[in-house]
Amino acid sequence: MFRLLLGPKNIEFIEISILGDFNIHHRLWLSSPFTDPPGEQAFIFSILNDLEQLIQYPTRIPDRLGDQPNILDLFLTSHPSAYTVELFSPLGSSDHNLISVSCPIAPIKPLDPPRKRRLWHYSAANWDDLRQYFNDFPWNDFCFRGRGPSECAARITEVILSGMEAYIPYSFPLTNSRNSWFNHACSTAVHNKEEAFRRYRRLQTDESRALYISARNRAKSVLRLAKKSFIRAKCNDLSNSSTSRSFWHLAKNLSSNFTSSSFPPLILPDGNVAISSPDKAELFSQTFAFNSTLDDSGSIPPTPPPSDLLMPVIRISSKEVYSALSGLNTRKAYGPDGIPPVVLKNCASVLTPCLGKLFRLCLSFNTFPSSWKFALIQPVPKKGDRSQPSNYRPIALTSCLSKVFESVLNSKIHKHLICHDLLSDRQYGFRQGRSTGDLLSLLSDSWSTSFRNFGETFTVALDISKAFDRVWHKALISKLPSFGFYPSLCTFISDFLSGRSIAAVVDGHCSSSKSINSGVPQGSVLSPTLFLLFINDLLTCTSSPIHSYADDSTLHYSTHYDNRPSQQLLSTSRDDAVARLTSDLSLISNWGRENLVVFNASKTQFLHLSTRTNLPDNYPLSFNDTQLNLSPSLNILGVSFSHNLSWRDHITSLAKTASKKLGVLRRFRDYFTPSQLLSLYRGLICPCMEYGSHVWGGSTFTTLLDKVESKAFRLINSPPLTDSLQPLSLRRNVASLSLFYRYYTGHCSSELSQCMLPPLRRACNTRQASHSHPFSVQLPNARVNRYSQSFIYTTGQLWNTLPSSIFPPYYDLCSFKRNVSRHLERNWT
């Protein structure tokens, strides 16, 4: 390793340091019993370059009695006075000592200790006394009399916390700077090993060496058992939760020996590196605050005309508050105020009156409590270089009291929007009864149908930079009257969005608070609905359809022909398609400028879907003055669409991801029982191989996933357990038929229901007609494999083979799915 202290202009001051396991011998220089040629060459090299060798004690303990210790690990430097060398006993069963070379560069400032996180013991809580405490407390006198919403919310928080401290035991876990599994027994064993090593170095006798070897082996055994016990406990926790987040968290910690920080060193804007947790937290808070800060000076927001369908004034009842409190997920984390959802849920009956009064007070004052506008941000890595703060997304922790209030408001707003059909039918995100699978079904059917009709499809996947973080508040508020929001509700939402601040948390260290002035609040229940209102008019501004799942928007245009088109007609059609998309992209760009939305043209993908060969290499299609190049595939909501709708690459990617998870599980197999391995496989690996399977399940490449499943069954190694699990292909059929049933009965978007196949025509009394059930569909001529392998066609074939007894007398998805599963399992071969 070469270390430069000054620039090349000061070559005489360059410092050189070389270190490593040289494995050389020199009788005089390295105290070896002999001198070999490499040792002589290294000795001459150090003299000629004015390097001093700092390791003066043997670094290798001989394996056999009678052998002499050697200095095999060297540290050569041109600046010996700057370094301090220490030798420690070897790690594990290694015969080389551990060498520590330190060089103080600058005084290190002591780090602020991480904030102590209180650990509540809910299982030992006295819930009855806590409820009685809240029931008897004089809420009106202490919290409400003559006070505004912000002060009331702060006082209610204070009362709830005081009750928790009185009736729920808690502790402050000690922070351990060493391994999480490193307990007192480990510390004692390591101390005894170090003592034995120092005795051996001092005496150099066979007896002292034997005592050291014994202490070393004892320490190694104690450390191995302690770590194994710790990992077993973690694996038990994983088997109880079975979440993907817990799985990868354990895998990462195991690979890093439970010692590394949650984040690698981060690169600062000036090129320096943030290493300490406080510096990382401050860098993250600055990055996220910058992303949520918008300069709108001189910009005038769009003002669409108000709607005649005025929303009823929101009135909050105690029943609605109690329902929201009772529906809280107790496994969710709590926010900066420290009030966990488990307390609110267990004390819902006694907290409902005061919280309902607070919520009604907020609406009457058109004010959102200031303490609820602060969020703690946990950075979560995205794809890309993890040393770049921009490659992390913020996950916010907000007050649970705020979430209860917002959930009541959100349900009333949603009811108004759904009753009057105010949201675009092309929006599939954050809407009840819609999912990513629905949008994938619609797009894949539209594009495969184009193939069947001799046509092609041109698709542009739009990318909005910081979509949720940079929502322009003025534009959002100006659009609310067009959805029927009355003036005081608009004022309340404006106050809800303003005055926000965030702070990032890294390894227990919290950054300073940073103000933000744009975006819908992270971690808020209202935010998804507000974002849909903000982006709703984008989906209607183009001639070609735009379909969205929240901010993931796809512009596409398909062509259809009655017969195979000539090359000239095809060329003309492609030119028309490019002109149409160019016009639409211009309209999208204009919408972005009016709403201060930035589209990332460099990440915008363009895909030409066609079954034909010799396609053009590129098209004169640009977006925001950036040429759009053809992509070989398009990733939409986690599913990779190739240019010819072949699913080979996507299924291969799924198999690799599942195999990677299986590899991690294999490392843990000694810590789990077969039933736990099966549970983890079903909860963590099966969903990976089944997501979006209705879209690509008709492909012939799905046999690759069956091989992954066989590999998992060998890992579980319990035929009685694995035989009880339905095969992947059967589960794919059940999932596809369940979606087909929902679409057939119209429980989906209107355009998706229109994609369904028409009822079977029964003009002739044939054997096929007499044996088909009343819900059979008419299958068209597939013509091409890409359509015959599509979701609606392949599932339609299977749908027509079902017996009439499968179908419930009225719409009941759960009953239908249960009946289909039993039927297919009975007939499975």
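Keep in mind that this is a model prediction, so the values were computed, not measured.
- One finds the CZ atom of Phe701 at 14.0 Å from the CG atom of Asp706 (value rounded to the nearest 0.5 Å).
- Partners of Phe468 under the ring pair (Phe, Tyr, Trp, His ring centres under 6.0 Å) rule, at least two apart in sequence or in another chain, are Phe531.
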Show your working on side chain to side chain contact (heavy atoms under 4.5 Å, CB included) between Asn800 and Leu760 and close with a plain yes or no.
CA-CA 9 Å; Asn800 285 349; Leu760 180 65; 5.7 Å; no
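- In this pair, Trp447 and Phe641 present their aromatic rings perpendicular. The plane angle is above 60°, beyond the 30 to 60° band.
- Counting heavy atoms from C-beta on, the side chains of Trp799 and His773 come closer than 4.5 Å.
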Would you be so kind as to tabulate the donor-acceptor pairs closer than 3.5 Å made by side chains of residues 805-818, with sequence neighbours excluded?
{"from": "Asp812", "atom 1": "OD1", "to": "Cys814", "atom 2": "N", "distance (Å)": "3.4"}
{"from": "Asp812", "atom 1": "OD1", "to": "Ser815", "atom 2": "N", "distance (Å)": "3.2"}

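- With a 4.5 Å cut-off on side-chain heavy atoms, Phe791 and Leu739 count as touching.
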Any chance you could lay out the side-chain hydrogen bond (donor to acceptor under 3.5 Å, both in side chains) test for Thr673 and Ser675, step after step, and finish with the verdict?
CA-CA 5 Å; Thr673 63; Ser675 60; 3.1 Å; yes
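- By the 4.5 Å heavy-atom criterion applied to side chains, Thr700 and Gln789 are counted as neighbours.
- Taking the centre and axis of the six-membered ring of Tyr170, the NZ or CZ atom of Arg118 falls inside the cone set by 45° and 6.0 Å.
- Between atom CD of residue Glu825 and atom CG of residue Asn827 there is a gap of 10.5 Å, rounded to the nearest 0.5 Å.
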Show, in sequence, the C-alpha distance, side-chain angles and deciding distance for Arg786 and Tyr793, and conclude whether the side chain to side chain contact (heavy atoms under 4.5 Å, CB included) test is met.
CA-CA 10 Å; Arg786 292 298 178 257; Tyr793 188 87; over 6 Å; no
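- Proximity of Trp120 to Val342: side-chain heavy atoms (C-beta onward) are nowhere separated by under 4.5 Å.
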Take His547 and Glu751 through the side chain to side chain contact (heavy atoms under 4.5 Å, CB included) test and state the conclusion after the steps.
CA-CA 11 Å; His547 286 91; Glu751 58 181 354; 2.8 Å; yes
Would you check, one step at a time, whether the test side chain to side chain contact (heavy atoms under 4.5 Å, CB included) holds for Asp552 with Leu439?
CA-CA 11 Å; Asp552 290 326; Leu439 181 53; over 6 Å; no
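- Note on Asp670 versus Lys228: no salt bridge recorded, every NZ/NE/NH1/NH2 to OD/OE distance being 4.0 Å or above.
- Ring geometry for Phe775 versus Tyr744: interplanar angle over 60°, hence perpendicular rather than tilted (30 to 60°).
- At least one side-chain heavy atom of Cys186 sits less than 4.5 Å from a side-chain heavy atom of Asn183.
- A pairwise comparison of heavy atoms in Leu662 and Ala712 identifies CD2-CB, 3.8 Å as the closest pair.
- A side-chain donor from one of Asp438 and Tyr743 sits under 3.5 Å from a side-chain acceptor of the other.
- Side-chain contact of His694 with Thr795: a donor-acceptor pair under 3.5 Å is absent, judged by distance alone.
- Between Gly384 and Asn391, the shortest heavy-atom contact is C-ND2, 3.8 Å.
- In this structure, a donor-acceptor pair under 3.5 Å is present between the side chains of Thr745 and His747.
- Separating the CG atom in Leu705 from the CD atom in Glu709 is a distance of 9.0 Å, to the nearest 0.5 Å.
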Between Ser171 and His121, is the side-chain hydrogen bond (donor to acceptor under 3.5 Å, both in side chains) condition met? List the steps.
CA-CA 8 Å; Ser171 60; His121 305 288; 3.0 Å; yes
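- By the 4.5 Å heavy-atom criterion applied to side chains, Ser441 and Leu752 are counted as neighbours.
- Between the side chains of Asp385 and Ser387, at least one donor N or O lies within less than 3.5 Å of an accepting N or O.
- Contact check for Tyr787 versus Thr449: side-chain heavy atoms found under the 4.5 Å cut-off.
- Looking only at side-chain heavy atoms (C-beta outward), Val343 and Ile168 come within less than 4.5 Å of each other.
- For the side-chain contact (heavy atoms from CB on, under 4.5 Å) test with Phe713, the passing option among Thr722, Leu677, Leu721 is Thr722; the others fail.
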